[in-house]
Amino acid sequence: MVSFWEILSPSFLLFPALLGSVILALVCPLVGAHLMLRRRMFLGLTLPQIAACGVACTFWLYHALGLDHGSGGERLLAMAGSLVFTLAGMGLLAYLDRHATGSPEGRLAAAYALASALTILFIVFNPAGEVEILNLLKGEVISLSKEELKLLAIVYGVVYLGLVLFRREFLLNSFDRDLSFLLTGGSVQWNFWLYVLCGFSIAVGVIMAGPLLVFGFMVLPPLAARTLARGMGWFLGLSSLIGIAIAVLGFFISVRLDLPLGPTDVAFGCVVIFAVYLVQAIWRRGHGPASLLALIIVLGSGCAVQRSPAPLDLALLGQSAIWLVPVRNGTDSDLRLPSTNPLRSLAEMAGKIAPDSRLTVMDLLRDSLQRELQQRQVKVDFAEARDRRMQSSSIAGDGAAANARAANLTGWLWLTEIRRWHSDGRSPLRAVVDMQLLRIADGSVHWQRQFSKTVAPSGAARLDELSADAVKAIMRDIFGA
Amino acid sequence: MSQVAPLVSLRAANLGYGGVAVLRDVDLDIAAGDLIAMAGPNGAGKTTIFRTILGFIPTISGLLVRNCALNEFGYVPQSSALDSTFPITAREVVAMGGFGRLKPYERLPAGEKQRLDAVLEQVGLAQLASRSFFSLSGGQRQRMLIARALMVGPKILILDEPLSGVDPESQKAISDLLVKLNREEGKAIFFSSHDLRMVRSVTDKILRVDGGKAAWQEASTEQHPW
């Protein structure tokens with residue numbers, strides 16, 4: 001299990017994803033705070049959807065014009081579509097705000113519905129690359145590459161600087177447009193620049209992290225900060241701070257419980273808002289210090305730093321042998337790894353070699369375990385080599401030790417079961433593996449653990465490389481560094 | 001009307017929105033040191049005159065002359081027109097009056113901070129400066145907005161219904177403040193109200209706005225004009 005301090009270490013495998021989340025969480029709440037002050041919070045929902053529509057439309061056009069798909073520039077293309085649609089949508093909504101009658105909320109709701117519908121239709125029209133487009137629309141901050149992280153940092157850095165340097169002008173224009181007109185010569189220019197900054201942050205954020213996370217970071221932190229802040233400086237600063245807290249703790253929960261990051265952050269953000277309102281309500285009833293203490297204890301107990309379980313102590317096993325039972329595959333997939341040898345691939349295509357002779361994740365796991373144990377001078381062997389009845393056993397079942405005794409095995413039995421092992425190549429590999437060490441003599445469990453790993457692809461990583469990384473991480477957890 | 005050169009003049013001006021006149025043939029001079037009240041029922045066009053003078057809307061026809069820059073107008077809107085969503089302190093609201101003198105990225109200089117403290121003292125609410133603006137009473141908010149207008153360093157103060165929606169004690173405090181600013185600092189003040197009795201306690205120079213016309217009210221008229 002990953003500890004809280006581990007995820008903060010730059011050497012942590014998913015540290016770039018955490019950095020991306022923190023950058024989003026620093027800037028998006030500032031943008032959201034300005035939208036909230038202008039009573040345009042729903043722009044934070046509608047614009048990301050319009051950006052998503054832009055991505056889908058661009059890909060559809062790209063294919064309809066007969067251009068090559070999958071040439072590597074997908075993100076750039078998506079970014080262009082997202083940006084054009086966001087700025088155009090924002091301009092149209094601003095024009096309608098000034099010139100049309102009717103409710104602005106109604107217009108935003110209609111725009112959201114239209115953008116959602118068009119997004120789906122554009123994806124349906126596009127016969128190629130549907131999965132890729134859906135992946136881009138989902139946005140996986142966890143799979144950010146270094147180049148994407150740099151781009152995110154540059155764009156959000158500019159937006160942040162703009163919002164901080166011109167905060168006085170933006171605030172004055174939001175609070176009292178008439179005074180802004182008198183003192184700064186025009187409120188329209190400040191409106192324009194504020195919406196340009198919003199547009200850029202949303203368009204880029206949607207591609208990097210998806211509409212849900214962008215909207216969540218724009219809305220939830222300012223809502224929580226609004227009730228706590230006494231002053232605009234506090235409000236803006238607190239919005240960003242709460243955003244960062246949600247990003248870091250949400251990331252920890254996501255990694256720890258193997259949950260998708262976006263929904264975890266948003267759900268955790270809602271919990272934070274609920275807690276803030278609850279504490280404030282209790283505070284107003286005169287139980288301030290007690291409620292604050294209770295909140296700290298509750299949050300502290302939930303997010304307390306838990307020490308990683310100690311590595312397996314092999315010295316306690318004595319001189320007895322460990323029998324490795326074939327790894328059980330509990331997933332729907334055959335977990336066969338792609339071949340790295342082009343000649344072998346050709347041979348497979350020609351029917352000279354059967355594809356099922358390729359290495360599997362199960363082989364990778366058991367070979368690594370064997371190697372690690374042997375390096376530690378532990379006597380280790382494959383159970384089925386001794387007795388063919390010793391095939392893979394479920395950890396939930398209780399017959400493994402009995403079978404081993406029937407096969408005249410003595411010592412220890414190592415059971416491994418893969419619960420989850422999934423990646424579509426672009427998104428991170430998520431793996432859940434159960435392991436158990438049984439004493440054959442009485443079937444008692446000497447040691448057991450569940451390993452939950454998320455491995456982000458760096459660049460165009462293949463499943464075999466991701467799987468090897470995940471196996472290494474599991475071995476590190478078992479045997480220590 | 002006034003012997004000094006007017007800061008603002010309207011001559012035979014038709015005022016309104018989208019080409020539709022709300023007021024016709026408006027003649028008005030506001031000179032330095034003037035204390036002018038504008039009285040009339042709701043919807044008569046008082047705010048239209050303010051918005052035209054401040055350049056928010058253009059005149060339909062006629063002449064508008066301003067002899068001072070727009071950033072020399074101290075405008076006090078009705079506090080109910082401001083959005084209570086903002087978690088803003090009274091001090092932050094008053095400080096906005098000085099934004100016209102600062103570069104966008106410049107921190108509030110020491111001179112501006114002293115000026116801020118001075119205007120807060122002037123309206124008698126320095127002790128409430130750190131409170132949330134929207135937690136103040138209507139009268140206190142109005143005085144804070146006057147402090148914000150003073151922070152501009154204005155030649156002319158324009159106040160939209162500064163006496164409405166506040167308790168009698170606050171009405172008295174605000175009236176006294178306006179008179180003091182006019183007499184002691186020579187500020188030109190132009191304010192609107194629909195409370196003629198209260199207006200008379202402040203000034204006898206009253207512009208009556210009603211029925212699409214703006215006319216000077218005779219000082220001897222005791223009867224409510226509408």
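Each chain gets a letter, A, B and so on, in the order its sequence line appears, and its residues count up from 1.
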Applying side-chain contact (heavy atoms from CB on, under 4.5 Å), run through R230(A) and R131(B) and close with a yes or a no. CA-CA 8 Å; R230(A) 295 286 173 270; R131(B) 289 261 301 270; over 6 Å; no
Best-contacting candidate, T227(A), L172(A), D178(A), L179(A), against chain B by heavy atom pairs under 4.5 angstrom: D178(A)
Of all heavy-atom pairs between F181(A) and L54(B), which one has the smallest distance, and what is that distance? CE2-O, 3.6 Å
For the student: nearest non-hydrogen atoms of R168(A) and K103(B), plus distance: NH2-O, 2.8 Å
So what's closer than 4.5 Å to chain A heavy atoms on F50(B): side chain, backbone, both or neither? neither
Within a 6.0 Å radius of atom CZ on R101(B), are there more than 12 heavy atoms belonging to other residues, nucleotides or ligands? yes
So, do R148(B) and D176(A) sit near enough that their side-chain heavy atoms are less than 4.5 Å apart? yes
Shortest non-hydrogen pair, G231(A) vs T89(B), comes out as CA-CG2, 3.7 Å
Minimal heavy-atom distance between A229(A) and P87(B), with the atoms involved, is O-CB, 3.9 Å
Spatial distance of atom CE (M151(B)) from atom CG (L183(A)) [nearest 0.5 Å]: 10.5 Å
Report, as yes or no, whether the 6.0 Å neighbourhood of atom OH on Y160(A) holds more than 12 heavy atoms from other residues, nucleotides or ligands. no
Test item: L70(B) and L182(A) side chains (from C-beta on) under 4.5 Å apart, heavy atoms: yes
Interchain contact, E106(B) with chain A, by part (heavy-atom threshold 4.5 Å): both
Which is it for F99(B) and E169(A) under the side-chain contact (heavy atoms from CB on, under 4.5 Å) test, yes or no, and what are the steps along the way? CA-CA 8 Å; F99(B) 284 2; E169(A) 285 69 23; 5.6 Å; no
Would one find more than 12 heavy atoms of other residues, nucleotides or ligands at under 6.0 Å from atom CZ of R107(A)? yes
Tell me, yes or no, whether the heavy-atom count around F200(A) atom CZ, taken from other residues, nucleotides or ligands under 6.0 Å, exceeds 12. no
Pairwise distance CZ(F133(B)) to CE(M232(A)) - rounded to 0.5 angstrom: 13.0 Å
For F274(A), look at atom CZ and say whether over 12 heavy atoms of other residues, nucleotides or ligands are found less than 6.0 Å away. no
Assess whether atom CZ of F42(A) is packed by more than 12 heavy atoms of other residues, nucleotides or ligands within 6.0 Å. no
CG on N71(B) to OG1 on T184(A), rounded to 0.5 Å: 10.0 Å
